[in-house]
Undergrad: 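Sharing a structure below in structure tokens format, with a few things to ask.
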Amino acid sequence: MTRYNAALTEAKWQKIWADSETFTATEDPTRPKYYVLEMFPYPSGKIHMGHVRNYTQGDVVARYRRAKGFNVLHPMGWDAFGMPAENAAMEHNVHPAKWTYENIAHMRGQLQQMGLSIDWSRELATCDPEYYGQEQKMFLDFLANDLVYRKESWVNWDPVDNTVLANEQVIDGCGWRSGAPVERRRLSQWFLKITDYADELNSALDELPRWPEKVRTMQKNWIGRSEGLRLFFDIDGHEPLEVYTTRPDTIFGACGMAIAADHPLAEKLAQDNPDLQKFIIECRAGATTEEAMEKMEKKGFDTGIVASTPFEDRKLPVFVANFVLMDYGTGAIFMSAAHDQRDLDFAHKYDLDVRTVIRPDDEDDSYAVGRQAYVGPGKLFNSVFLDGMTIEEAKAEVARRAEEGNFGKKTINFRLRDWGISRQRYWGCPIPIVHCDDCGIVPVPKTELPVKLPDDVGFDKPGNPLEHHPTWKNVDCPNCGKAARRETDTFDTFIDSSWYFARFCSPKSDEPVDIAAADYWLPVDQYVGGVEHAILHLLYSRFYTRAMKKVGLSSMDEPFDGLFTQGMVCHETYTDTKGKWVYPADLIHNEDGSYHEKTSGEPVTVGRSVKMSKSKKNVVDPTEIIDQYGADTARWFMLSDSPPERDLEWTEEGVEGAWRFTQRLWRTITTGMEGLTAVQKPAKFSKAAQDLRRICHVSIDSIGRDIEDFHFNNTVAQIYKFSNAIAAFKPDGSDGDAFALNESLTVLVQLVAPMMPHLAEEMWQLMGMPGIVTDTLWPTAQPELMQENSVTIAIQVKGKLKDTIEVAKDMDKAEVEKLALARERIQNAVGDNPIRKVIVVHNRIVNIVI
RNA sequence: GCGUCUGUGGUGAAAUUGGUAAACACAACAGACUUAAAAUCUGUCGGCCGCAAGGCCUUGCCGGUUCAAGUCCGGCCAGACGCACCA
């Protein structure tokens with residue numbers, strides 16, 4: 001028997017699909033649509049196993065939905081702007097555009113080798129001027145609609161890459177890429193008003209049932225909604241100080257005020273206080289990472305001025321403190337020592353008055369906190385008009401009185417901050433703005449878009465190449481015509497990925513989106529990607545969709561109806577005798593299970609399995625796997641065993657197993673086909689044929705549901721069961737057996753097609769079936785064929801399994817009970833004990849209680 | 001510190017959502033075929049006791065609810081991820 005030749009067969013069907021434009025999608029109002037999208041890749045050079053897993057999962061869904069009769073959109077593009085291209089330019093003297101487009105060409109070929117059902121006619125790269133020009137146009141719409149502003153602010157500055165870094169790009173106080181200690185700088189930056197939508201972005205999460213709970217909570221935490229009170233404290237000789245608090249109930253326990261180093265009051269007081277000035281500078285130089293801040297000593301500077309508490313005649317010292325953040329709340333707080341650990345530590349350090357005002361229910365009025373702040377529930381005391389109230393009642397009462405007295409206001413506060421989008425880099429979308437000495441900030445007229453990146457840039461000098469370009473930034477003001485300067489900052493690349501899913505609906509449109517096309521396709525029905533984008537990309541996209549709606553470019557709020565986050569692909573790590581990482585491909589397996597290095601022959605230590613990464617060299621090149629085993633085998637292994645949301649351990653044995661199954665499936669189907677002729681459905685079936693038809697229809701049913709629920713590992717297991725049953729089936733020559741086998745072979749090919757599309761097409765053709773299996777409707781499970789006519793019932797005595805009996809399905813409870821009690825094993829187990837109760841669960845179990 | 005999730009054989013895992021724990025694989029072992037190897041096929045495969053029939057135990061740990069718990073409830077332990085001086 002011939003072996004299945006994956007290389008030839010896969011190339012053959014990929015060509016047929018491409019030539020007949022099988023996956024080209026067009027709007028068709030008569031059919032239900034289904035938009036499947038995987039997060040588009042950064043064109044780093046070549047695809048990795050994470051991509052293979054991600055795109056295989058998406059492709060199974062796309063092909064399945066197609067078979068279910070949906071009009072499927074399944075596009076692919078490239079998140080093509082970003083620093084790596086500039087680094088390549090600096091290191092290898094290659095232009096970022098050349099580097100990027102060459103990578104795209106290579107990676108496109110790799111993805112096509114995987115046999116994905118992608119509509120390549122919609123392909124886009126975010127570095128195409130046709131794409132980023134539309135992005136610029138949309139930015140001008142945002143600007144005109146009050147969604148954008150420019151503000152001077154403190155930023156994380158990477159002195160090596162010479163650019164602003166987002167907070168999440170700063171790791172341990174150093175730039176994530178350069179490793180250089182990050183500096184704080186004050187710069188004028190463009191911001192998008194994501195905070196306008198903070199409340200909505202938060203509450204709408206509850207209406208995304210097809211998103212993982214985990215991602216929704218992560219976004220909730222990130223948005224950080226809190227309900228509290230803004231409260232004014234009078235200060236002699238100064239404006240009243242506004243603080244934000246979520247614990248107004250502890251007001252009578254207030255022991256002092258603390259304001260941020262960047263607070264206007266602090267700056268004002270510092271003007272004639274050199275020591276305070278020094279302290280403020282110290283604070284600003286302080287660490288920027290969370291970890292460092294946590295360890296940082298809580299320091300305060302007593303300004304000498306005092307604030308008056310609102311409800312009583314008490315003076316509180318005002319500190320400038322290094323732990324108060326200017327951009328959260330109002331940049332000022334009142335400290336309540338007894339009921340906040342940090343405040344308590346601070347009070348002890350600076351010898352402030354600790355007043356306990358809340359006591360647990362099992363304490364009396366002599367209760368006072370020690371070294372440990374009390375943050376639990378309880379009743380107010382030592383608190384004048386709040387005495388005896390619960391915390392919630394006290395909060396409400398303070399708010400009521402403060403609002404009545406006009407020195408406070410209930411507010412909802414968010415942790416989320418506006419999105420700073422300016423980057424001082426070349427390889428990004430230019431911000432379409434001109435700076436004119438007379439007219440100020442002038443948008444580039446839409447007719448002059450796109451503002452294209454210049455090709456002739458150098459990367460020899462540090463800093464922004466656009467800044468160094470001799471002529472590019474010199475333009476005439478679009479408003480007054482005088483000489484002016486182009487903005488040389490580019491967009492954060494997260495902007496590019498915040499709307500690409502919408503662009504896919506009409507990738508050639510002269511407007512950012514064609515509303516009719518977007519209305520047909522959006523929202524994305526199933527989005528698939530890594531959980532590392534749980535906050536940034538997914539939150540930005542949700543905001544962007546709302547911003548687009550505001551300017552008339554979208555009809556909806558939520559871009560992604562269903563979200564699935566897949567796990568990582570992991571591999572064992574290997575180190576040589578010098579502790580250096582070794583590639584798995586450079587290993588030789590010893591007889592005893594250990595390894596040695598291929599060329600040097602040195603022994604190698606096996607380390608724990610972690611996410612595949614170039615730095616640890618625990619990577620396997622997908623191309624080598626596909627060349628050796630074929631795409632179908634690689635896809636099959638990606639779907640086997642591990643649930644898709646969990647990490648997948650890549651093993652040589654696993655791929656071998658998948659490869660053996662590919663061959664076995666080929667054998668099972670080709671052997672089954674031998675001498676098989678089409679027969680009419682007969683009236684009677686043998687027992688064996690009935691059994692085969694049962695597993696056939698059960699498979700149709702369960703595999704469909706498992707694909708819809710992303711339980712691909714169960715899908716794979718069911719295919720194993722089904723094909724094992726077919727392989728074991730020996731037709732007796734009757735029409736019934738021939739029919740059952742024929743039916744099962746056809747169905748098996750259809751069920752396996754979303755996972756192993758090439759093999760399925762080849763089989764479909766060999767079986768002489770019409771058309772291609774990709775365009776064939778999913779088979780229908782017939783419930784009456786799935787039924788068994790007998791069931792195995794477990795018999796327990798006192799909850800422990802003692803016996804099983806085979807009875808007719810739906811047998812009467814009393815009859816089942818009688819049969820169960822008659823069993824010898826049961827009688828032995830029961831013995832002389834009186835039977836207190838017998839529980840019979842229909843078609844399932846009998847439990848005898850003694 | 002707060003939040004979310006996970007914990008089942010040598011391994012990846014499954015379990016109709018409270019009803020026979022370990023489906024389906026991987027690895028291992030034994031056998032068949034072969035001059036041999038590969039490939040393929042057959043069988044065994046959670047633990048303990050037993051020649052066997054069979055018995056007992058077993059889903060991180062402790063307790064609870066229930067006729068019945070991997071599944072529900074309470075407490076603990078371990079690990080992963082996210083957030084974190086957030087007032």
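Hydrogens, waters and symmetry mates are skipped; everything else that's a heavy atom, side chains included, is used. Numbered from 1 within each chain, the chains take letters A, B, ... in sequence-line order.
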Undergrad: What integer number of Å spans the P atoms of B/rC81 and B/rA15?
TA: 26 Å
Undergrad: Taking any heavy-atom pair under 4.0 Å as a contact, classify A/Glu649: base, sugar-phosphate, or nothing.
TA: nothing
Undergrad: Would you measure the distance from the C1' atom in B/rG74 across to the matching atom in B/rC51 and give it in whole Å?
TA: 48 Å
Undergrad: I need the CZ-P distance between A/Phe661 and B/rA27, as an integer number of Å.
TA: 15 Å
Undergrad: Between A/Arg646 and B/rA13, does any side-chain N or O lie under 4.0 Å from OP1 or OP2?
TA: yes
Undergrad: For B/rA87, does either OP1 or OP2 sit under 4.0 Å from a side-chain N or O belonging to A/Tyr244?
TA: no
Undergrad: So, A/Asp199 and A/Arg225, do they make that salt bridge, N to O below 4.0 Å?
TA: yes
Undergrad: Is there a Watson-Crick or G-U wobble partner for B/rA68 with both distances under 3.5 Å, and which nucleotide is it?
TA: none
Undergrad: Do A/Thr195 and A/Asp418 have side-chain N/O donor and acceptor atoms under 3.5 Å apart?
TA: yes
Undergrad: Expressed in angstrom and rounded to an integer, what is the separation of A/Trp659 atom CH2 from B/rA38 atom P?
TA: 18 Å
Undergrad: B/rA38 phosphate, OP1 or OP2: any side-chain N/O from A/Arg660 under 4.0 angstrom?
TA: no
Undergrad: Taking 4.0 angstrom as the limit, do A/Asp343 and A/Arg247 come out as a salt bridge?
TA: no
Undergrad: The criterion is side chain to side chain donor-acceptor pair (under 3.5 Å); which residues satisfy it with A/Gln796, sequence neighbours excluded?
TA: none
Undergrad: Nearest whole angstrom, please: distance from the C1' of B/rC86 to the CZ of A/Arg230.
TA: 13 Å
Undergrad: How close or far is atom P of B/rA84 from atom CE of A/Met218, stated in whole angstroms?
TA: 11 Å
Undergrad: Provide the distance between the two C1' atoms, one in B/rG70 and one in B/rU20, to the nearest whole Å.
TA: 14 Å
Undergrad: Does B/rC56 have OP1 or OP2 sitting under 4.0 Å from an N or O in the side chain of A/Lys802?
TA: yes
Undergrad: Are A/Lys395 and A/Glu227 ion-paired here, with the side-chain N under 4.0 Å from a carboxylate O?
TA: no
Undergrad: Counting Watson-Crick and G-U wobble pairs only, both distances under 3.5 Å, name the nucleotide matched with B/rC2, or none.
TA: B/rG82
Undergrad: Rounding to an integer number of angstrom, what distance separates B/rU8 and B/rU42 when you compare their P atoms?
TA: 31 Å
Undergrad: Considering heavy-atom distances to RNA chain B, does A/Ala332 or A/Asp647 have its closest nucleotide positioned more toward the 5' end?
TA: A/Asp647
Undergrad: Scan A/Val324 against the nucleic acid and name what it touches under 4.0 Å (heavy atoms): base, sugar-phosphate only, or nothing.
TA: base
Undergrad: Take the protein atom CD1 of A/Ile535 and the nucleotide atom P of B/rU4, then report the distance between them rounded to whole Å.
TA: 15 Å
Undergrad: Does the structure show a Watson-Crick or G-U wobble partner for B/rU40, both distances under 3.5 Å? Name it, or say none.
TA: B/rA32
Undergrad: Quantified in whole Å, what is the P atom distance between nucleotide B/rA22 and nucleotide B/rU58?
TA: 15 Å
Undergrad: Any salt bridge linking A/Arg694 with A/Glu788? Criterion: basic side-chain nitrogen under 4.0 Å from a carboxylate oxygen.
TA: yes
Undergrad: For B/rU4 and A/Arg216 - does any side-chain N or O of the residue sit under 4.0 Å from the phosphate oxygens OP1/OP2?
TA: no
Undergrad: Roughly, in whole Å, what's the span from CH2 in A/Trp222 to P in B/rC81?
TA: 17 Å
Undergrad: A/Tyr350 and A/Phe319: aromatic ring centres closer than 6.0 Å?
TA: yes
Undergrad: Roughly, in whole Å, what's the span from CG in A/Leu648 to C1' in B/rU11?
TA: 13 Å
Undergrad: Do any N or O atoms of the protein come closer than 3.5 Å to N or O atoms of nucleotides 19-25 of chain B, and which pairs are they?
TA:
from	atom 1	to	atom 2	distance (Å)
B/rA23	O2'	A/Lys721	NZ	3.1
B/rA25	OP1	A/Asn724	ND2	2.4

Undergrad: Indicate yes or no: does A/Asp327 engage A/Arg417 in a salt bridge with an N to O separation below 4.0 Å.
TA: yes
Undergrad: Tell me whether the OP1 or OP2 atom of B/rC5 has a side-chain N or O from A/Lys214 closer than 4.0 Å.
TA: no
Undergrad: For B/rU11 and B/rC45, measure between their C1' atoms and round to the nearest Å.
TA: 13 Å
Undergrad: Given atom CD of A/Gln341 and atom P of B/rC2, what is their separation to the nearest angstrom?
TA: 12 Å
Undergrad: Does A/Arg825 put a side-chain nitrogen or oxygen below 4.0 Å from OP1 or OP2 of B/rG54?
TA: yes
Undergrad: Between A/Phe712 and A/Phe710, is the ring centre distance below 6.0 Å?
TA: yes
Undergrad: Using purine N1 to pyrimidine N3 plus N6-O4 or O6-N4 for Watson-Crick, or N1-O2 and O6-N3 for G-U wobble, each under 3.5 Å, what pairs with B/rC26?
TA: B/rG10
Undergrad: From the options B/rA84, B/rA14, B/rG12, select the nucleotide whose nearest atom is closest to the side chain of A/Pro643.
TA: B/rA14
Undergrad: Name the pairing partner of B/rG18, where a pair is Watson-Crick or G-U wobble with both distances under 3.5 Å, or state none.
TA: none
Undergrad: When the C1' atoms of B/rA53 and B/rA69 are considered, how many whole Å apart are they?
TA: 31 Å
Undergrad: Tell which nucleotide pairs with B/rU59, taking only Watson-Crick or G-U wobble pairs whose two distances are both under 3.5 angstrom.
TA: none
Undergrad: Syn or anti for B/rG12, please, going by whether the chi angle lies within 90° of 0.
TA: anti
Undergrad: Is it the case that the ring center of A/Phe637 lies less than 6.0 angstrom away from the ring center of A/Trp650?
TA: yes
Undergrad: Within the pair A/Arg342 and B/rC86, is there a side-chain N or O less than 4.0 Å away from OP1 or OP2?
TA: yes
Undergrad: In whole Å, measure the gap between the C1' atoms of B/rU66 and B/rA14 for me.
TA: 25 Å
Undergrad: Syn or anti for B/rU17, taking syn as within 90° of 0?
TA: syn
